Amino acid sequence: MWFLCVFYHRLLDFRKPEVEALAELFGEEIAENESLQWRLPEHHHNDTPFHFVQLSSEEIARNIAKRSILVKGMYELWGEGTCYEELKDSILSYPDSRKLPFLTSDSTFRISVETFGRGLTFEEQKDRIQSLTYIPFEGRVNLKNPDHNFFLMEMIESEENNGLQPILQRRIFFGREVGFADRKLLPTFQLKSRTYLGPTAMDAEMAFLMANQAKATSGKLVYDPFVGTGSILVSAAQFGAMTMGADIDIRVVRDGRGPDCNVWSNFKQYGLPMPVALLRMDNNLPPWRSGLKEIFDAIICDPPYGVRAGGRKSGGRKILRGTVDPYTVPDDKRTDHIPSTGAYSLVECVHDLLHLAARMLVMKGRLVFFFPVLRDETGGEVKFPEHPCFKLVAVSEQILSSRYSRVLLTMVKVEPYSEEIKEAARLMHLEFRENHLKWLEDGNIHSSVFKPIDSSQIHTDPKAFKDPKPKYRGKYV
Amino acid sequence: MRLITHNMLSCNIKGVTNGFPLRIEAGNVIEKEVDFNPDFIRHMFAKLEWKALVEGARSMGYAELPEDSPDAAVLESDESFLKKLHHALLELHLEEGALVCPETGRKFPVNKGIPNMLLHEDEV
């Protein structure tokens with residue numbers, strides 16, 4: 001069945017992957033190497049909020065919409081057209097067997113009018129509703145809590161507006177609402193009111209999107225190897241998953257800022273079950289027992305890319321460089337000794353993450369993580385880290401500044417881990433590291449993001465800088 | 001730290017081959033109730049090292065688990081067993097104590113429920 005899926009106009013790259021992940025979660029049968037079928041309305045551009053998607057049942061559509069963050073509504077389309085005459089013909093030709101059950105005299109209904117491109121006065125809205133008298137509504141109107149919610153959506157022609165795509169031709173849709181997103185989660189979980197925050201705590205909306213991409217749900221175990229303040233795990237726990245986290249910085253994980261201001265209190269704040277475990281460990285030298293594997297259903301994280309928070313690993317700067325030999329800490333100082341840690345580059349960090357995921361994820365488990373990308377790539381396609389155990393299923397860009405974005409990568413484990421695969425992965429990693437270092441000037445992202453613009457560039461022709469993404473794309477769109 | 005975590009950890013000091021299971025030195029053990037989710041417990045059962053779990057539970061003061069790992073069939077039929085397993089895996093907490101490597105004797109401290117598995121400079 002085709003449904004009209006209307007999205008909120010934000011985080012555009014994240015919209016469809018979210019629906020695809022949730023469709024899989026709610027039982028939609030999708031063949032190997034295929035994804036959901038999508039269609040655009042006539043004359044619409046891919047950034048439009050209106051998309052048609054094919055799903056096998058209304059129940060799946062409703063479940064997807066309800067759990068999603070970006071689906072404004074899923075509708076069973078009763079008719080569409082470029083003018084009200086066409087709309088009438090379209091609705092009249094829609095089979096009665098699909099319409100009459102929702103128009104019965106013992107039900108309540110409401111018709112809402114929504115327009116895109118221009119506001120409508122109350123009179124104009126009323127006129128449009130009145131024009132639908134050819135639909136045999138027998139029930140009573142209930143504006144507060146109707147059994148059936150009908151939407152009349154009109155896209156009105158408009159010129160290019162702030163860089164937004166011009167709407168070339170008017171289009172009107174009429175449909176019955178099947179489900180919609182519950183965005184009330186967002187003000188409840190917003191970081192503004194969170195007890196324990198850190199500089200890189202993931203904001204609530206994005207954390208929920210990540211949890212959706214990972215298909216977090218009751219009975220599953222979700223792991224975050226860079227847990228920090230637990231912001232990502234909180235969202236996974238809200239969706240019912242059991243959570244587990246680790247971090248190399250013991251102050252963040254164990255101490256927090258006091259007995260009522262730590263990772264545990266973040267979960268307590270929302271009445272969520274506590275994480276199953278919080279550990280202090282180094283992802284570069286993890287303490288997993290040798291037979292352990294395929295234990296996590298999903299790994300969701302935001303690794304440190306070295307821009308606002310740098311990664312650390314065991315060893316100590318001087319030891320890793322070989323300036324100083326590994327030293328032995330005298331026994332009487334051992335108990336409170338805090339081992340020194342050294343720099344941990346993004347590439348090595350991601351390699352360890354992929355290795356961890358390859359071994360510890362169940363088959364078909366998902367790895368969801370952010371990867372930074374510099375934006376002034378002229379030509380050349382951006383290369384993402386790869387691993388022979390994983391298939392990349394979604395790439396969603398969030399633009400952070402004119403210089404750089406972060407991309408949410410969703411990978412699914414399709415091959416079991418083995419020693420041969422470990423070797424193949426190591427070679428892939430070496431190749432990736434070579435290429436990665438080539439396009440980063442000083443070999444680190446921090447300087448590329450923060451270096452001042454070379455003054456000679458300011459005088460060049462502005463048209464020469466071709467921004468691949470349209471002007472209206474920004475941090476939240 | 002719960003027994004479910006203990007079951008996953010081993011000592012990873014360079015050169016150590018027999019780092020699992022870590023012996024539990026229980027300083028302060030408390031019991032915290034956790035909602036029972038039978039699916040989760042069944043899912044985890046397959047990944048556990050049973051002997052380590054039984055020994056660990058004993059160190060924390062819980063001796064109700066059978067010595068030998070039961071058949072998978074028991075998971076479906078015997079809910080009281082699942083509840084015991086749930087109690088051992090998720091409801092016993094080691095707040096203060098240490099995890100000791102069976103080969104080297106190195107102690108990994110557990111403070112405020114969080115084990116510190118970071119290695120010192122000469123163990124890397």
Side-chain angles (χ1 to χ4, degrees), chain A residues 218-221 240-242 244 246-250 253-256 259 262-264 273-282 284-297 313-316 318-320 324-329 333-342 360 362, chain B residues 1-14 16-22 32-49 52 89-91 93-96 98-99 101-102 106-124:
Chain A
S218 165
K220 293 202 179 161
L221 183 60
M242 302 292 272
M244 186 165 149
D247 204 291
I248 198 170
D249 187 350
I250 196 154
V253 144
R254 180 190 66 187
D255 305 326
N262 50 43
V263 182
W264 312 108
M274 299 285 161
V276 162
L278 285 179
L279 296 169
R280 181 203 193 180
M281 67 169 198
D282 178 1
N284 192 242
L285 286 171
W288 309 120
R289 66 169 155 86
S290 55
L292 189 67
K293 60 178 181 146
E294 298 190 4
I295 192 161
F296 299 123
D297 295 285
K313 67 171 184 184
S314 301
K318 291 185 182 151
I319 294 178
L320 290 170
V324 160
D325 281 330
Y327 44 82
T328 309
V329 179
K333 297 227 164 65
R334 268 197 188 254
T335 23
D336 292 319
H337 177 68
I338 299 181
S340 30
T341 50
M360 306 291 250
V362 302
Chain B
M1 186 208 66
R2 294 175 162 99
L3 284 169
I4 188 173
T5 321
H6 168 257
N7 208 266
M8 298 190 212
L9 300 174
S10 84
C11 171
N12 56 338
I13 294 179
K14 194 155 132 183
V16 164
T17 45
N18 243 356
F20 178 81
L22 296 161
K32 278 194 219 160
E33 215 183 290
V34 170
D35 286 336
F36 178 54
N37 185 335
D39 286 323
F40 179 72
I41 302 293
R42 285 191 194 107
H43 180 48
M44 287 292 120
F45 175 77
K47 327 274 173 171
L48 296 171
E49 274 288 320
L89 283 177
L90 298 176
E91 294 184 332
H93 279 266
L94 182 65
E95 284 288 307
E96 302 287 325
L99 299 172
C101 172
R106 154 56 152 128
K107 293 195 188 178
F108 293 98
V110 177
N111 299 113
K112 295 193 197 163
I114 299 189
N116 182 348
M117 308 303 296
L118 224 59
L119 298 176
H120 294 151
E121 291 79 348
D122 54 347
E123 296 164 332
V124 168

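From a predicted model like this one, the values you see are computed outputs, not experimental measurements. The sequence lines fix the lettering, A, B, ..., with proteins before strands; numbering per chain opens at 1.
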Legend entry - Neighbour count >12 (heavy atoms, 6.0 Å) for atom NZ, B:K107: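 Check fails, neighbour count at 12 or below.
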
Inset, instruction - Assess whether atom CG of B:D35 is packed by more than 12 heavy atoms of other residues, nucleotides or ligands within 6.0 Å. - result: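 Open: at most 12 neighbouring heavy atoms sit under 6.0 Å from CG of B:D35.
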
Chain B heavy atoms under 4.5 Å from [X]: which part of the residue, side chain, backbone, both or neither?
X	result
A:M281	both
A:P287	both
A:I250	side chain
A:P259	neither

Any side-chain heavy-atom pair from [X] and [Y] closer than 4.5 angstrom?
X	Y	answer
A:M244	B:M8	yes
A:D255	B:K112	yes
A:L279	B:I114	no
A:P273	B:V34	no

Inset, instruction - For each of B:C11, B:A52, B:S10, tally heavy-atom pairs with chain A at distances under 4.5 Å, and name the one with the top tally. - result: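 Looking at each of B:C11, B:A52, B:S10 in turn, B:S10 comes out on top.
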
Legend entry - When B:L118, B:I41, B:I13, B:L119 are compared by non-hydrogen pairs under 4.5 Å with chain A, the top option: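 Among B:L118, B:I41, B:I13, B:L119, the one with the most close pairs to chain A is B:L118.
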
Inset, instruction - Report yes or no: does B:N12 contribute a side-chain atom to a donor-acceptor pair with the main-chain N or O of A:P286 at less than 3.5 Å? - result: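 Flag set: sc B:N12 to bb A:P286 pair under 3.5 Å.
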
Legend entry - Flag, side chain of A:R289 to backbone of B:P21, donor-acceptor distance under 3.5 Å: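 The answer is no, because no donor-acceptor pair under 3.5 Å joins these two groups.
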
At a heavy-atom distance under 4.5 Å, which candidate from [options] has the highest pair count against chain B?
options	answer
A:L278, A:V362, A:V253	A:L278
A:D297, A:I295, A:L292	A:I295
A:R280, A:K220, A:M274	A:R280

Inset, instruction - First locate atom CG of A:L285, then atom CE of B:M117, and finally report the distance between them rounded to the nearest 0.5 Å. - result: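 Between A:L285 CG and B:M117 CE, I get 11.5 Å after rounding to 0.5 Å.
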
Legend entry - Pairwise distance OG(A:S218) to CG(B:N37) - rounded to 0.5 angstrom: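 Rounded to the nearest 0.5 Å, the OG-CG separation comes out at 4.5 Å.
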
Inset, instruction - Tell me, for B:L99 versus chain A, whether the close heavy atoms (under 4.5 Å) come from the side chain, the backbone, both or neither. - result: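 Looking at B:L99, nothing touches chain A.
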
Legend entry - Segment of B:L9 engaging chain A (4.5 angstrom heavy-atom cut-off):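 Interface part for B:L9: both.
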
